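In this chain, residues are counted from 1 in sequence order. Given the structure is predicted, the values throughout are model-derived calculations rather than measurements. Just so it is clear, the values below take in all heavy atoms, side chains as well, and ignore hydrogens, waters and symmetry mates.
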Amino acid sequence: MVTPVHQLPAPDNVRIHAGEPLTAINAIERDSLGRKGFAGAAVSALRGVGTSAGLVVSVEGAWGSGKTSALALIEAYLNQEPEESRPVVVHFNPWLVGDRDALLKLFLQKLATAVGLTSNTAVAIKAAEQLRAYSRVFGVLKFVPGAEPWASITEKVISASGRLTESVAKLKAPDLEGQRDKVADALKELTRPIIVFIDDVDRLFAQEVFEVVRIVKAVGELPNVGYVIAWDADYVTRALESLHVPFAATYPDKIVQVRLPLPAISRAGREHLLTEQLDSLGEEVTRHRFPNEEDRLSLLYWSGLNDLLAYPRDFTRVFNTLRTIEPILRGEVAFADLLGLAALKVKAPSIYGLLHRHPEFFAGSLNNREKSENGEKSPGAVARAEALKACGAPLAVGNLVHHLFPFTASKDGAFTIGRVESTEGHLAATDRLAVALQIGTTDSDVSLVAAQAYLFEPSRREELLKSITTLNCNEFLRMLGQVLESTTVPVEDPKLLCLHVARLVDHPVFIERKRSRRDDFLLRGAEDIAVLLASSVANRHVEGSESLVAASLASDAGSLTVAARLLWESYVARKDDPPPAFACAADSRTEIVAVYAANVLGAAKAGKLLTIANPGSVLWRLEELAPEACPAVFSAIREIDPTLDSFALEILRKSFHTPGGQAYGLSKGFVEPYCNIEELRAHAAQRIADGVALPALAAWKSLVDGKTYFGKSGLVVQE
């Protein structure tokens, strides 16, 4: 959830931002930025309000540097002044007015309200009434730079209340001066000064900035009234320059008597702001979910984040962004990396945009070499350098990028101690970066949260399978292995986990993956990955009983594809060589093979054998280990499917070629244990005569003439 902007009780028109210590009540106690001396200097200057009419103090700093917080601190100190001389503070925020023409009128009305708060005496009441009368004269002031402001009033001056009925044309400038003099005389009688706080000037458009400056200049010189105006001096200068105001750079000096630039936030202050924001997130957000996560946040902070978050609003904006993405990516990406990503999004949008467009420039790519053949920089290094130029703090951003994406450090000739581990939630891992940039997992991404839950929460395994797709099922198995390797958390019932992993291979999603030929000859199939994973679980959690676990998988009726693979590893592949550690025991061969043969026959009778992930391997292992069981299996298959087309497609399946596809041909010894080869050839000829379609046509033709055919095109494979 995103923490909303706090609407705390405060004087009118004060905008309070989440995470900033703004309320005057607790500003002193919460002065984590070390600005007490600054506030004290401002208060010392404001003590001269009673003797210097219209004293103006400016609080100057860049946008987001904490000017509003500084105003609250100054107000807190003003409230500690002796009661008899304690000033009345009025807040005027021109940004919230929203109507340039109403600025002056509202300003005077706010001032009148403040005067009424000084006391209930006749003096205060009279001064307030004079200010209200003065405000009713103005609808809109059209100032002419350098000219007397009271001389140019438009027809809009007539009060809506009807109290002033004269035409503007009849209203003379001396009348306005006279009204102003009455206001000044009334204010002189007040015993307590009034301090007007004007904030958010650097949120205004250029013309509105000019209006505020002229209001302070034109109306400001009133007795017992002082001003504290918060702005970005550079922005104000640019605004005035855009309006062709003469001597724009020094124009504020005509208005402001005391200019106070905000001091930079100390290292300790920044650390305090970071700690405050982290505490506000709650333990559930910041708790460690990945191995070796303890120091990652600290490393991130000292690798550029501390310099990038220079102002209070930087912390607020970055952490508000973090609050939007963290719940969706919780457990998928390390918390520190999410914070770094939020910082790039807020403080380095050019880098963040490049990251979205070309993630390979950050997470690595075979095509993104450090140097091209002619010695020039790689496209990624050039693009990153250009994006860094557009950042306000390129050095800090560069350090942060190098920490989050160590690949870039090596390409840019920089040093970093960052690492890349997918199972530790690092952004630099291509799969984690894809998840982060998509703000969640897609059908092709593997969820770390799901992988961890599958390993350590047995009751949720069936539910978690709903999130597995043909695009990510094999990657899910690999992720299970990576998570297992990177953690020391014990697995509940490791034998059951091995069984569930073995059964995954014949799950419908994995079957569809297998038949879609997404795994070419360069990649391991699901059964290979599952056997490796089961071996890892057994070695870690049931050491000394690996052969018993392997035997249980080879004997499981729901794991026929993995069983075939294990039996091949245990009794076929190595012949006289000793079997691997995770294999069925040699002295249990007869018993295990008998159970396997019974399971294959049961699946054939139920019509399920040829629908599993790899029926061909199951049939081939049966032929090699228990040929005497093959005729019964063949009879059961023919009983379910008299055409035997599916049987031919499995038993005659040979290698997969690119781009021709699956090839079919007779391999010596694989058919004879199941049936009479000549009778099967006669059946093949009849199926061809019946007009059977590809790919079954290719399989049957290979049996008839002994050639190898592509199942997709029906063409002969040239060997």
(request) Measure from the side-chain N and O atoms of His402 to the backbone N and O of Gly398, and report whether any donor-acceptor pair falls under 3.5 Å. (result) yes

(request) Spell out, as yes or no, whether a donor-acceptor pair under 3.5 Å connects the side chain of Gln662 to the backbone of Lys654. (result) yes

(message) Taking CD in Glu492 as the centre, count heavy atoms belonging to other residues, nucleotides or ligands within less than 6.0 Å. Is the count above 12?
(response) no

(request) Decide yes or no for Phe335 and Leu322: does some side-chain heavy atom of the first lie under 4.5 Å from some side-chain heavy atom of the second? (result) yes

(message) Go through it in stages, so that I can follow the logic: the residues are Leu652 and Phe670, the test is side-chain contact (heavy atoms from CB on, under 4.5 Å), and I'd like the CA-CA distance, side-chain angles, deciding distance and then a yes or no.
(response) CA-CA 8 Å; Leu652 298 173; Phe670 276 178; over 6 Å; no

(message) Is there a side-chain contact between Pro695 and Lys712 in this structure, where contact means two heavy atoms from C-beta onward sitting under 4.5 Å apart?
(response) no

(message) With a 6.0 Å cut-off (strictly less than), is the heavy-atom count around CD of Glu284, excluding the residue itself, greater than 12?
(response) yes

(request) Would you indicate whether the side-chain heavy atoms of Val501 and Val537 approach each other to under 4.5 Å? (result) no

(request) First locate atom CG of Leu625, then atom OH of Tyr571, and finally report the distance between them rounded to the nearest 0.5 Å. (result) 8.5 Å

(request) Mark yes or no for whether Arg461, through its side chain, and Tyr454, through its backbone, hold a donor-acceptor pair below 3.5 Å. (result) yes

(request) Report yes or no: does Asp445 contribute a side-chain atom to a donor-acceptor pair with the main-chain N or O of Val435 at less than 3.5 Å? (result) no

(request) Answer yes or no: does atom CD of Glu283 have more than 12 heavy-atom neighbours from other residues, nucleotides or ligands under 6.0 Å? (result) no

(request) Might you point out which heavy atoms bring Ala698 and Leu694 nearest each other, and give the distance in Å? (result) N-CD2, 3.7 Å

(request) In sequence, state the C-alpha distance, the side-chain angles, and the governing distance for Glu326 and Arg323, and then conclude on salt bridge (Lys or Arg N to Asp or Glu O under 4.0 Å). (result) CA-CA 6 Å; Glu326 187 278 332; Arg323 288 181 176 92; over 6 Å; no

(message) Quick test of your reading of the model: are Glu424 and Arg432 salt-bridged, counting only N-O distances below 4.0 Å?
(response) no

(request) Kindly assign one of parallel, tilted or perpendicular to the pair Phe315 and Phe319, based on the angle between their ring planes and the thresholds 30° and 60°. (result) parallel

(request) Indicate yes or no for a side-chain donor-acceptor contact from Ser535 to the backbone of Val531 under 3.5 Å, with no hydrogens or angles considered. (result) no

(request) For residues Tyr301 and Leu309, determine if any side-chain heavy atom of one lies less than 4.5 Å from a side-chain heavy atom of the other. (result) no

(message) Treating Ser536 as the side-chain partner and Leu532 as the backbone partner, does any N or O pair qualify as donor plus acceptor under 3.5 Å?
(response) no

(request) Assess the pair Phe405 and Phe362: is the distance between their ring centroids shorter than 6.0 Å? (result) yes

(request) Flag yes if more than 12 heavy atoms outside Glu628 fall under 6.0 Å of its CD atom; otherwise flag no. (result) yes

(message) Is the shortest side-chain heavy-atom distance between Trp620 and Arg653 below 4.5 Å?
(response) yes

(request) Assess whether atom CD of Glu457 is packed by more than 12 heavy atoms of other residues, nucleotides or ligands within 6.0 Å. (result) yes

(request) Start with the C-alpha distance between Leu499 and Ser559, add both sets of side-chain angles, then the distance that settles side-chain contact (heavy atoms from CB on, under 4.5 Å), and finish with yes or no. (result) CA-CA 8 Å; Leu499 187 62; Ser559 310; 4.3 Å; yes

(request) Please report the C-alpha distance between Val509 and Leu465 in whole Å, then the side-chain angles of each, then the deciding distance to 0.1 Å, and finally whether the side-chain contact (heavy atoms from CB on, under 4.5 Å) criterion is met. (result) CA-CA 9 Å; Val509 170; Leu465 288 181; over 6 Å; no

(request) Considering non-hydrogen atoms only, spot the tightest contact between Ser467 and Ala450 and give its length. (result) OG-CB, 4.4 Å

(request) Could you please spell out the steps behind the salt bridge (Lys or Arg N to Asp or Glu O under 4.0 Å) verdict for Glu463 and Arg460? (result) CA-CA 5 Å; Glu463 167 204 343; Arg460 295 186 57 199; 3.7 Å; yes

(request) Could you tell me how the ring of His356 sits relative to the ring of Tyr352: parallel (under 30°), tilted (30 to 60°) or perpendicular (over 60°)? (result) perpendicular

(request) Check the side chains of Asp506 and Thr561 for a donor-acceptor pair under 3.5 angstrom, ignoring hydrogens and angles. (result) yes

(request) Report yes if the side chains of Glu485 and Arg540 come closer than 4.5 Å at any heavy-atom pair, otherwise no. (result) yes

(message) Quick check: do Leu404 and Leu344 have side-chain heavy atoms less than 4.5 Å from each other?
(response) yes

(request) Looking only at non-hydrogen atoms, find the nearest pair between Glu623 and Cys630 and report the distance. (result) CA-SG, 3.7 Å

(request) Check for a donor-acceptor pair, side chain of Arg289 on one end and backbone N or O of Arg330 on the other, with a separation under 3.5 Å. (result) no

(request) Rounded to the nearest 0.5 Å, what's the gap from CG on Leu566 to CZ on Arg621? Could you check? (result) 11.5 Å

(request) For the pair Asn472 (side chain) and Ile468 (backbone), establish whether a donor and an acceptor sit closer than 3.5 Å, ignoring hydrogens and angles. (result) no

(request) For Ala581 and Glu546, work out which heavy atoms get closest and say how close. (result) O-CB, 3.7 Å

(request) Using modelled atom types only, decide if a donor and an acceptor are shared between the side chain of Ser570 and the backbone of Leu567 within a distance under 3.5 Å. (result) no

(request) Apply side-chain contact (heavy atoms from CB on, under 4.5 Å) to the pair Leu433 and Leu355, showing each step before the final yes or no. (result) CA-CA 9 Å; Leu433 182 58; Leu355 181 62; 4.0 Å; yes

(message) In the structure I gave you, are the side-chain heavy atoms of Thr423 and Thr487 within less than 4.5 Å of one another anywhere?
(response) no

(message) Please find the pair of heavy atoms, one from Gly331 and one from Leu448, that lie closest to each other, and give the distance.
(response) O-CB, 3.5 Å

(request) Taking all non-hydrogen atoms of both residues into account, name the closest pair between His541 and Pro490 and its distance. (result) CE1-CA, 3.9 Å

